Visitor: 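After the structure tokens below, expect a handful of questions from me.
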Amino acid sequence: MRHFSGVLNGQPWDGLVVERPEDLGPFRRWVADQAQSGTPVAADTETCGLKIYAWGPGFLRLAQFGTETEAWAIPIEHGPEFVEAAAWALRILPDLTGHNWAGFDALVSDEHLGVPLEETCAKVTDTQILAKLVDPRQQMEGGIGSSLKPLSAHYIDSAAPDTQDGLKSVFKALKLRIAEGFAKIPLDHPTYLEYGLLDVILTSRLRPRLERTLEKLGVPKRLAVYEHRVARICAQMVRAGMVLDEEYTLGLQSDLSYDAERFAEVAAGYGVDSVNSGRQVAAALMGMGETLTEKTASGAWKVDKAVLMALADLDRDWKPIHSRTANPLAEAVLRSKRAGKWRSAYADNFLDNVDAGGRIHPNVQSMQARTFRMSVTNPAVQTLPSSDKMIRRALLADEGHVMISTDFQAVELRVLAALADVKRMKLAIANGEDLHSFTARLVFGEGFTEKDRKVSKGIAFGKVYGGGASTVSRQTGAPIDAVQRAMVKYDQVYPEVGRAAKDWRIEAFNNRMVGISITGHRLPLDRDRSYAITNYLVQSTARDCLGQALIHMDEAGLVPFLRLPIHDEVLASVPKGDAEEVGRAIARCMTFDLKGVQIEATPDIGKRSWGSLYGADY
DNA sequence: CGTCTCACG
DNA sequence: ACGTACGTGAGACGG
């Protein structure tokens, strides 16, 4: 047994590190005592990295348990008796505290200790969830942040050590890169152990302080309960993962590499060494006699996709417009950059994250954005190209299954109608009308064109996002004066929207620049961008429609089919024979009333690959 | 590490 | 008083 101790915020703490099997006796007695008294115990795991599934055995190195003053570290790496003891502790302790538990440690202990995540998530209070309910912003955005260090500094002791940062300097001293440090640092390294122990002490001390803060702020308890449940459902999706068509992906990888190189060679012929260097591309284009007009924020010539597409005489579908002679360099740069990005960001990432069973497990962060929208990383499967089926074709439903995608119908607009109580919009929704056609008819009259509908759609989003006529004009391609006229008309047709936006801003100002959604989520505003409150409320409420739908699916026993949340859509893998029935059941879970407005969804049943929902034939 | 670009909802 | 497009993740470049 090894001892550590210290003082934090004037309060001493003690740490014990189990070294030999005989040390497990005292550990088990300590755990039994905590279980008996019902004291909350924080749990944490130290691993070789973040790839819970792709790493393989030996991934989990250390497990820690601790109260506000006492901590234990168990060297999982040293053998099955240590695995057994840690698993037993997780099972027997009735009240656990974790930090990002469902997002990481629940999956780690599920996969590497054999303790099902359902079992631990049911009794964990997650300090990261609580912290985000206080303030969802990242540090960059002016928030406290949600990792242990800034939270500890804010709530416990401004002198609390930065354990993550401290470890990184140890890695440096050991001549290890950060990525390999967590895997290679000796298990008995004192800094590694001390910081591992401190993490559970800090997490334990954080919990009551966050609970008190939430109470003081009047955040409803049921909101925390709801978010813990959503986080657990997301963890179940991460554990399930998706089948990767490895053979197809390898082919894709080499095809995309070939394209990227082929077009890069064309660009090289015009003096562009790296197509991703905007500076080189701009210089070469101007050398060919092209005139660039737009500049970036920092004053460099802007050569983004829109600029290059115009020079290459291509429309949004990459078809010639015949409005000018196509610039061959612009087209080569576009094609090389696209192929290169699709290979590295998608094909490479798929293969880098595949587990031994041929699956990828994209990581879902269930309350990532400042509006609590979810994000998915490693790989970022929420952002796969949708205009082309080729990338999504690589991801498959399980053997004998098909992919089902079920989307909410115009959910943000319906949420706006519900929150702002927009009478005519609510009526149109109740009558089953197409909302954008309905608006186009009101704004442009009975003889509205498809173009008018597009402008109406642009204005609808512009209103939700807080945009102006120039942005809507740019997005829709409609002339600015037409958009301006239409926006004035829109305000007359739906007067409640502008009025509500004004009220929401005033409410937020009166609440120290924090908007409160109908579910009770706190939405901090930037002082100079208070107009964003409309978007925050709508986006956040739409996100809670997804959360509510996931809970309905949990109640209906549908979670085992779920694979991904994509903002207004869920992707599921369902046995072929049950597709119709399960698709209907999922859509039912996504159908409910929001303040008198029906939220609805439609299932789309595909074949085995995700790409089949975008036109692929497998 | 900040900036730019580009993929999504 | 006016007007402001929202939220993400990831890779490449260049200092």
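Below, all heavy atoms of this structure are taken into account, side chains as well, without hydrogens, waters or symmetry copies. Predicted model, so just to flag it, every value in this text is computed and none were measured.
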Visitor: Would you say that Val354(A) contacts Arg359(A) through its side chain, given a criterion of any heavy-atom pair below 4.5 Å between the two side chains?
Guide: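 Sidechains of Arg359(A) and Val354(A): no contact.
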
Visitor: Can you tell which of dC8(B), dA12(C), dC6(B) lies closest to the side chain of Lys305(A)?
Guide: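 Selected nucleotide (nearest to the side chain): dC6(B).
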
Visitor: Looking at every non-hydrogen atom in both residues, tell me the closest pair between Ala478(A) and Val455(A) and how far apart they are.
Guide: CB-CG2, 3.4 Å

Visitor: With heavy atoms under 4.0 Å as the rule, sort Arg279(A) into base, sugar-phosphate or nothing.
Guide: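 Answer is sugar-phosphate: Arg279(A) comes under 4.0 Å of backbone atoms only.
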
Visitor: Where is the tightest heavy-atom contact between Val472(A) and Gly462(A), given as atom of each residue plus distance?
Guide: CG2-CA, 4.1 Å

Visitor: Taking CG from Leu571(A) and C1' from dG9(B), how many angstroms apart are they, rounded to a whole number?
Guide: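 Nearest whole value for this atom pair: 14 Å.
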
Visitor: Does Phe444(A) have any ring pair (Phe, Tyr, Trp, His ring centres under 6.0 Å) partners at least two apart in sequence or in another chain, and if so, which?
Guide: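 Applying ring pair (Phe, Tyr, Trp, His ring centres under 6.0 Å) to Phe444(A) gives none.
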
Visitor: Roughly how many Å is it from CD1 in Ile506(A) to P in dA1(C), rounded to a whole number?
Guide: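 Atom CD1 in Ile506(A) sits about 12 Å away from atom P in dA1(C).
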
Visitor: Are Ser274(A) and dC13(C) close enough that a side-chain N or O sits under 4.0 Å from OP1 or OP2?
Guide: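 Yes, because at least one side-chain N or O of Ser274(A) sits under 4.0 Å from OP1 or OP2 of dC13(C).
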
Visitor: Could you pull out the closest heavy-atom pair between Tyr53(A) and Leu107(A), with the gap in Å?
Guide: OH-CD2, 3.4 Å

Visitor: Locate the shortest heavy-atom distance separating Ser366(A) from Val230(A); write the atom from each residue and the value.
Guide: CB-CG1, 4.3 Å

Visitor: Please report the interatomic distance NZ(Lys457(A)) to CG(Leu435(A)), rounded to the nearest 0.5 Å.
Guide: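 If I round to the nearest 0.5 Å, the distance is 11.5 Å.
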
Visitor: Arg505(A) side chain: which of dG14(C), dT4(C), dG9(B) is closest?
Guide: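 Among the listed nucleotides, the one closest to the side chain of Arg505(A) is dT4(C).
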
Visitor: Whole angstroms only, please: what is the CD-C1' distance between Glu294(A) and dC4(B)?
Guide: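 Rounding to the nearest Å, CD of Glu294(A) and C1' of dC4(B) are 14 Å apart.
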
Visitor: Is Arg529(A) salt-bridged to Glu141(A), cutoff N-O under 4.0 Å?
Guide: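 Looking at Glu141(A) together with Arg529(A), the answer is no, because their closest N to O distance does not fall below 4.0 Å.
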
Visitor: Specify the separation, in whole Å, of atom CD of Gln139(A) and atom P of dC1(B).
Guide: 14 Å

Visitor: How would you label the contact of Ser387(A) with the nucleic acid (heavy atoms, under 4.0 Å): base, sugar-phosphate, or nothing?
Guide: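 Sugar-phosphate only.
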
Visitor: Grab the two heavy atoms, one from Pro362(A) and one from Pro379(A), that are nearest each other, plus how far apart they are.
Guide: CB-O, 3.8 Å

Visitor: dA7(B) C1' sits how many Å from Asp304(A) CG, rounded?
Guide: 14 Å

Visitor: If a protein heavy atom is under 4.0 Å from the base, mark B; if only from the sugar-phosphate, S; if neither, -; do that for nucleotides 6-11 of chain C going 5' to 3'.
Guide: BBSBSS

Visitor: Mind checking if Val472(A) touches a base, just sugar-phosphate, or nothing, with heavy atoms under 4.0 Å?
Guide: nothing

Visitor: Distance check: side-chain N/O of Thr471(A) vs OP1/OP2 of dT4(C), anything under 4.0 Å?
Guide: no

Visitor: Hey, does Ile391(A) reach any base, or is it just sugar-phosphate, or nothing, if we go heavy atoms under 4.0 Å?
Guide: nothing

Visitor: Take the protein atom CZ of Phe372(A) and the nucleotide atom C1' of dG9(B), then report the distance between them rounded to whole Å.
Guide: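 Rounded to whole Å, this separation is 19 Å.
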
Visitor: Could you summarise the pairing of DNA chain C as dot-bracket text, marking Watson-Crick and G-U pairs under 3.5 Å with ( ) or [ ] inside the strand and | across strands?
Guide: .....|||||||||.

Visitor: Tell me: CH2 of Trp342(A) to P of dA12(C), nearest whole Å?
Guide: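 Result: 16 Å.
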
